[in-house]
Amino acid sequence: MAKIQAIRGMNDILPEQSPVWQYVEDTVRKVLSQYGYQEIRMPVVEQTELFKRSIGEVTDIVEKEMYTFDDRNGDSLTLRPEGTAGCVRAAEQHGLLFNQTRRLWYTGPMFRHERPQKGRYRQFHQIGVECFGMAGPDIDAELLILTARLWQALGLAEHTRLEINSIGTAEARRSFRSALVEYLSDFVDELDDDSKRRLESNPLRILDSKNARTQEILQQAPALDDYLDDESKEHFQTLRSLLEAAGVQYTVNPRLVRGLDYYGKTVFEWITDSLGAQGTVCAGGRYDGLVEQLGGKPTVAVGFAMGLERLILLLETLDLIPESVNGDADVYVTAMGESTMATAFSVAESLRSALHGRVVISHCGGGSFKSQMKKADKSGARYAVILGENEVASGTVGLKPLRSNEDQRDIGMTELASVLKGMLA
Ligand code: HAM
């Protein structure tokens, strides 16, 4: 029978890769907790309507990328393509937004039916952050200062750059949109196919086009900046000076509009030039209207999400994963013969109690001395504890260094933990 394979664009994360994932996740978690962000966990599946109403009917995600299906009750459900919509739904449903500010984060798989390529998958993982109830540019700045600290912690500060823009209020975008459509309608025949389609559905997204001729036409197009309302302009100016004061470098990209409809005012992307086409590792912005749009009391909000696959690819490409992140064991406890098993477990347990944060593997499955030592070596452990019938009888163990030429020596079982503690330090 043919073997069943994983779905295209959906990856297994194998045991060898897990330490790197845990390293990145732990680093992000630590930074977020330093800033007082709280974790929220939402379901992977939501009602389809939630995404349509938040991300927007005429976006790439909703038009062609969602995994949507009818469940057994005939309800239309969708695997979440992103986390913001579900986070707003959950926060609103549980009264987290009433008369209070919130700093939340989440992580987990997201699903988009895109064409898979390096850095772009159909199941991918995000860590997302959403802040509610803070209207000023201070919280926008905090998010960017926090991400800058994270890049520092991961060694990525030199390899990421920040682009920011303000896309103003819905009203400002409406006036700009009319002006843009009017200008572009003189060039319809010269636009790329996607842009032609977007001219009617979502003209702002044309600014994002990668097509050279379209970009050339856009050179003379009206600028979004000229249509910005005073409040958005001031918000953006203050954000810029806060970033400058904090030493966070950025460039203003007037073409940055983002592909989801809920944004207004600040938008931003952290980009790397080391990953090719899929170089955006973190992206977000303000979405002051979304909570109300989903039926809640008007509540301002801002957030971002980073793609974990892209961050990990970047760390691997640049060889920035610390050597200690390898999943290696520290100690491997062997057991030669059935009568030694109980003692071997008790030795291993006492090591785990004494050696906090160290990995102690108990050999299971029997086998010769040679085969047990082979497994000890493969585990990456620095020391093997050798335990046979003679050792049990004398209350000692053999301690064998596996990564140096030092000789094996006999140690009393009661001293083993403190000796190893010193040697592993
Ligand atoms: P987004 O720009 O659609 O925004 O995705 C954020 C990040 O997720 C991207 O910058 C990228 O790193 C990663 N990503 C997106 N699609 C894929 C894919 N197919 N494969 C691999 N990585 C991918 C959002 O999702 C918004 N919810 C962000 C946000 C939160 N805005 C406000 N709050």
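What's counted below: heavy atoms across the whole structure, side chains too, no hydrogens, waters or symmetry copies. Start at 1 and go down the list; that is how both ligands and their atoms are numbered. The model shown is predicted, which means the values in this text are computed figures rather than measured ones.
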query: Should E200 and V58 be marked as a side chain to side chain contact (heavy atoms under 4.5 Å, CB included) after you check the CA-CA gap, both sets of side-chain angles, and the distance that decides it?
result: CA-CA 10 Å; E200 298 206 349; V58 287; over 6 Å; no
task: Could you please spell out the steps behind the side-chain hydrogen bond (donor to acceptor under 3.5 Å, both in side chains) verdict for R53 and Q293?
output: CA-CA 8 Å; R53 260 163 57 184; Q293 204 176 306; over 6 Å; no
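Of the N and O atoms on the side chains of Y250 and R240, at least one donor lies less than 3.5 Å from an acceptor on the other residue. Judged by distance alone, the side chains of Q215 and S209 never bring a donor and an acceptor atom under 3.5 Å apart.
With ring centers used as reference points, H125 lies under 6.0 Å from W21.
For atom 13 (C) of ligand 1, the closest non-hydrogen atom on the protein side is G307 CA, 3.7 Å. Scanning the protein for heavy atoms near atom 14 (N) of ligand 1, the closest one is F124 CE1, 3.5 Å. What sits closest to atom 19 (N) of ligand 1 on the protein, heavy atoms only, is E114 OE2, 2.6 Å. Scanning all protein heavy atoms for the shortest distance to atom 12 (O) of ligand 1 gives T280 O, 2.9 Å. The nearest protein atom to atom 20 (N) of ligand 1, hydrogens excluded, is given as Y121 N, 3.0 Å; this is a heavy-atom distance.
Of the heavy atoms in F304, only backbone atoms (N, CA, C, O) come closer than 4.0 Å to ligand 1. With a 4.0 Å cut-off on non-hydrogen atoms, L260 touches ligand 1 through its side chain and not its backbone. Contacts of R258 with ligand 1, taken as heavy-atom pairs under 4.0 Å, involve the side chain alone. If you look at R120 next to ligand 1, the close heavy atoms, those under 4.0 Å, come from the backbone and the side chain alike.
Atom numbering of ligand 1 starts at 1 in the shown order; those under 4.0 Å from a heavy atom of Y263 are 26 (C), 28 (C), 29 (C), 31 (N), 32 (C). Near G284, the atoms of ligand 1 lying under 4.0 angstrom from a non-hydrogen atom of the residue are 31 (N). Near A305, the atoms of ligand 1 lying under 4.0 angstrom from a non-hydrogen atom of the residue are 6 (C), 7 (C), 28 (C), 29 (C), 30 (C). The contact set between ligand 1 and V281, taken as ligand atoms under 4.0 Å from a residue heavy atom, comprises 12 (O). Heavy-atom contacts of E82 reach the following atoms of ligand 1: 25 (O), 26 (C), 27 (N) (cutoff under 4.0 Å). Heavy-atom contacts of T84 reach the following atoms of ligand 1: 26 (C), 27 (N), 29 (C), 30 (C), 31 (N), 32 (C), 33 (N) (cutoff under 4.0 Å). Counting atoms of ligand 1 from 1 in the listed order, those under 4.0 Å from a heavy atom of E130 are 30 (C), 32 (C), 33 (N).
Looking at G285 next to ligand 1, no N or O pair under 3.5 Å apart turns up. Of the N or O atoms in Y287, none lie within a sub-3.5 Å distance of an N or O in ligand 1. Inclusion of G83 in the set of residues having an N or O under 3.5 Å from an N or O of ligand 1 is not warranted. At a 3.5 angstrom cut-off on N or O pairs, Q126 counts as close to ligand 1. Between E309 and ligand 1, no N or O atom pair is found at a separation short of 3.5 Å.
Taking the charged nitrogens against the carboxylate oxygens, E63 and R197 do have a contact shorter than 4.0 Å, which makes a salt bridge. No salt bridge links R80 with E46; every basic N to acidic carboxylate O contact stays at or beyond 4.0 Å. Checked for salt-bridge contact, R403 and D377 meet the test: a charged N lies under 4.0 Å from a carboxylate O. Taking the charged nitrogens against the carboxylate oxygens, E39 and R29 have no contact shorter than 4.0 Å, which rules out a salt bridge. Under a 4.0 Å N-O distance rule, the pair R161/D273 qualifies as a salt bridge.
Atom CD of Q220 sits in a sparse spot, with 12 or fewer heavy atoms from other residues, nucleotides or ligands closer than 6.0 Å.
In summary, of the residues considered (R112, R198, R258), a salt bridge (charged side-chain N to carboxylate O under 4.0 Å, His left out) with D60 occurs for R198 alone.
Note: Y37 and Y35 have perpendicular aromatic rings, judged against thresholds of 30 and 60 degrees for the angle between ring planes.
In this structure, G119 counts as a contact residue of ligand 1, since one of its heavy atoms falls inside 4.0 Å of the ligand. Heavy-atom separations between Y262 and ligand 1 include at least one value shorter than 4.0 Å.
In this structure, T78 and Q47 have side chains that are not in contact, with every pair of non-hydrogen atoms separated by 4.5 Å or more.
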